[in-house]
2 protein chains.
Amino acid sequence: MHTINVKPPEVFQALADSTRIRIVRLLAETREVACLCELVDSLLEPQYKLSRHVKVLRQAGLLSAEKEGRWVYHRLVEGIPYLDRLHEALKALPDVDGSFARDLENFRGRMCLREAGRCRIGIQTPELAAGGE
Amino acid sequence: MHTINVKPPEVFQALADSTRIRIVRLLAETREVACLCELVDSLLEPQYKLSRHVKVLRQAGLLSAEKEGRWVYHRLVEGIPYLDRLHEALKALPDVDGSFARDLENFRGRMCLREAGRCRIGIQTPELAAGGE
DNA sequence: TGCATAGTTGCATGTTAGCGCATACATGCG
DNA sequence: CGCATGTATGCGCTAACATGCAACTATGCA
C-alpha cells in the first residue's frame with residue numbers, strides 16, 4: 001500500500017511549499033504523530049488548507065495516515081534510505097526568522113493538552129477551523 | 001556572493017523537476033565539474049533547456065558557475081550542512097528504470113573527450129544544440 | 001435519531017512554471 | 001574585423017498549483 005513506485009520529482013515537489021515543509025519539519029524534529037487539529041493549532045493555518053497539504057505529502061509517500069475515531073493521525077514514513085536522509089536535510093535547515101521555533105513551541109504546547117497520549121479536543125482557534133484569520 | 005539567505009521552499013522547488021534532478025544527481029554522484037555542452041551530451045536534452053534549468057539550480061543556491069573562456073563550468077555547492085545531506089538523499093535515490101545509469105554512462109564517456117581536464121569540443125549531438133530531437 | 005465536530009473535497013481564480021522557437025550575447029580565432 | 005561557437009534569454013503558449021469559499025462526509029455522543 002505504501003510507495004512502491006518512487007518518483008523523485010514528486011517527492012521534492014511535495015516539499016516545494018513552505019506550509020508543507022513546516023509540517024514535515026515538525027514531524028521530523030519531534031518524531032511525533034499528529035492529528036490535523038493539532039497541526040492547525042501549531043501552524044495556525046486554516047484546516048482545509050492543511051488537510052490538502054497533508055494529502056499531497058501522503059500521495060508523495062512522505063507521510064502515512066491512520067484513522068482513529070474522528071481523528072486522523074499523521075506520521076513520517078521512515079525506514080526508506082532516501083527519505084531518512086531527506087529528513088536529516090530538513091532537520092539541518094536553518095531557521096533564520098525563528099518561525100520554525102514558533103511552530104515547534106506551539107506544537108509542544110499543544111501536545112500537553114493530550115489525554116492518555118491522544119488528542120481529545122478539537123481546534124482551539126475556531127476562526128481557523130473553516131479558514132480566515 | 002553565495003546563498004546567504006536560505007529559502008527552503010526554493011531549494012526543494014529547484015529539485016521538483018526531473019531534468020534538474022538528473023543534473024544535480026550526476027554532479028553529486030561524480031563530484032565533477034561540467035560545462036553546459038557536456039551536460040547536453042550526457043542528458044541528451046536541448047541546450048536552451050539545460051541552460052535554463054542550470055540557472056534555476058544556481059539561483060536556488062545548489063550550483064555555482066565559473067566561466068572559463070567560452071565555457072561555463074558548473075559544480076555542486078558543497079560544505080553547507082543541509083545541502084550536503086540533500087546530496088546524500090539524492091545519491092540514495094533508487095534508479096528503477098535505469099535512466100540515471102544511462103546519464104551516468106553518457107557523462108563518463110563524455111568526460112573521456114576532455115583534453116587536459118577541460119572541454120575542448122562543443123555539443124556532439126547537433127540537433128540538440130538548438131532544440132528538437 | 002439528531003447534533004456537534006474532525007476532516008475532506010468541488011469549484012473558481014490568480015499565479016507560477018516548463019517548453020519550443022528564435023534570437024541575442026560573449027568569446028576566441030583567422 | 002568578422003565569423004564560428006558556447007551559452008543565455010525574451011516571447012507566447014499551455015499546464016499545474018495554491019488558495020478561499022462553501023458544501024459535503026464521517027464519527028461519536030446525548
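The sequence lines fix the lettering, A, B, ..., with proteins before strands; numbering per chain opens at 1.
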query: Do B/Glu88 and A/Arg85 sit within salt-bridge range, that is, some charged N less than 4.0 Å from a carboxylate O?
result: yes
field: Lys/Arg-Asp/Glu bridge criterion (N-O < 4.0 Å) met for A/Arg110, A/Glu32
entry: no
What is the distance, rounded to the nearest whole Å, between atom [atom1] of [X] and atom [atom2] of [N]?
{"X": "A/Ile123", "N": "C/dA4", "atom1": "CD1", "atom2": "C1'", "value": "13 Å"}
{"X": "A/Glu66", "N": "C/dG7", "atom1": "CD", "atom2": "P", "value": "14 Å"}
{"X": "B/Leu57", "N": "D/dA8", "atom1": "CG", "atom2": "C1'", "value": "15 Å"}
{"X": "B/Arg110", "N": "D/dG6", "atom1": "CZ", "atom2": "C1'", "value": "11 Å"}
{"X": "A/Lys49", "N": "D/dC17", "atom1": "NZ", "atom2": "P", "value": "17 Å"}
{"X": "A/Leu63", "N": "C/dT8", "atom1": "CG", "atom2": "P", "value": "12 Å"}
{"X": "A/Glu10", "N": "D/dA16", "atom1": "CD", "atom2": "P", "value": "13 Å"}
{"X": "A/Leu36", "N": "D/dT27", "atom1": "CG", "atom2": "C1'", "value": "15 Å"}

Taking the side chain as every heavy atom from C-beta outward, state whether [X] and [Y] have any atom pair closer than 4.5 Å.
{"X": "B/Lys55", "Y": "B/Gln59", "answer": "yes"}
{"X": "A/Val72", "Y": "A/Glu66", "answer": "no"}
{"X": "A/Leu43", "Y": "A/Ile23", "answer": "yes"}
{"X": "A/Ser99", "Y": "A/Asp103", "answer": "no"}
{"X": "B/Arg31", "Y": "B/Arg75", "answer": "no"}
{"X": "B/Arg118", "Y": "B/Tyr73", "answer": "yes"}
{"X": "A/Phe100", "Y": "A/Leu90", "answer": "no"}

query: What is the nucleic acid contact for B/Cys119, judged by heavy atoms within less than 4.0 Å: base, sugar-phosphate only, or nothing?
result: nothing
- request: Under 4.0 Å between any heavy atoms, over every strand shown, what does A/Leu50 touch: base, sugar-phosphate, or nothing? Just pick one.
  value: nothing
query: Is the phosphate of C/dG7, meaning OP1 or OP2, less than 4.0 Å from a side-chain N or O of A/Ser51?
result: no
message: Does D/dT19 have OP1 or OP2 under 4.0 Å away from a side-chain N or O of A/His53?
response: yes
field: Member of B/Arg22, B/Arg20, B/Glu45, B/Arg58 meeting the side chain to side chain donor-acceptor pair (under 3.5 Å) criterion with B/His53
entry: B/Arg20
message: Within the supplied structure, the quantity of interest is the number of heavy atoms (other residues, nucleotides, ligands) at a distance under 6.0 Å from B/Glu105 CD; does it exceed 12?
response: no
query: Which of residues 11-30 of chain B have a heavy atom under 4.0 Å from DNA chain C?
result: B/Asp17, B/Arg20
message: Please encode protein proximity along nucleotides 10-15 of chain D as a string of B, S and -, counting only heavy-atom distances under 4.0 Å.
response: BB----
statement: Protein heavy-atom contacts under 4.0 Å, written 5' to 3' over nucleotides 24-30 of chain C as B (base), S (sugar-phosphate only) or - (none), form the string --SBS--
message: Nearest 0.5 Å, please: how far is CG in A/Leu36 from CD1 in A/Ile123?
response: 6.5 Å
- request: Could you please name the option among C/dG7, D/dT7, D/dT19 that lies closest to any side-chain atom of B/Cys37?
  value: D/dT7
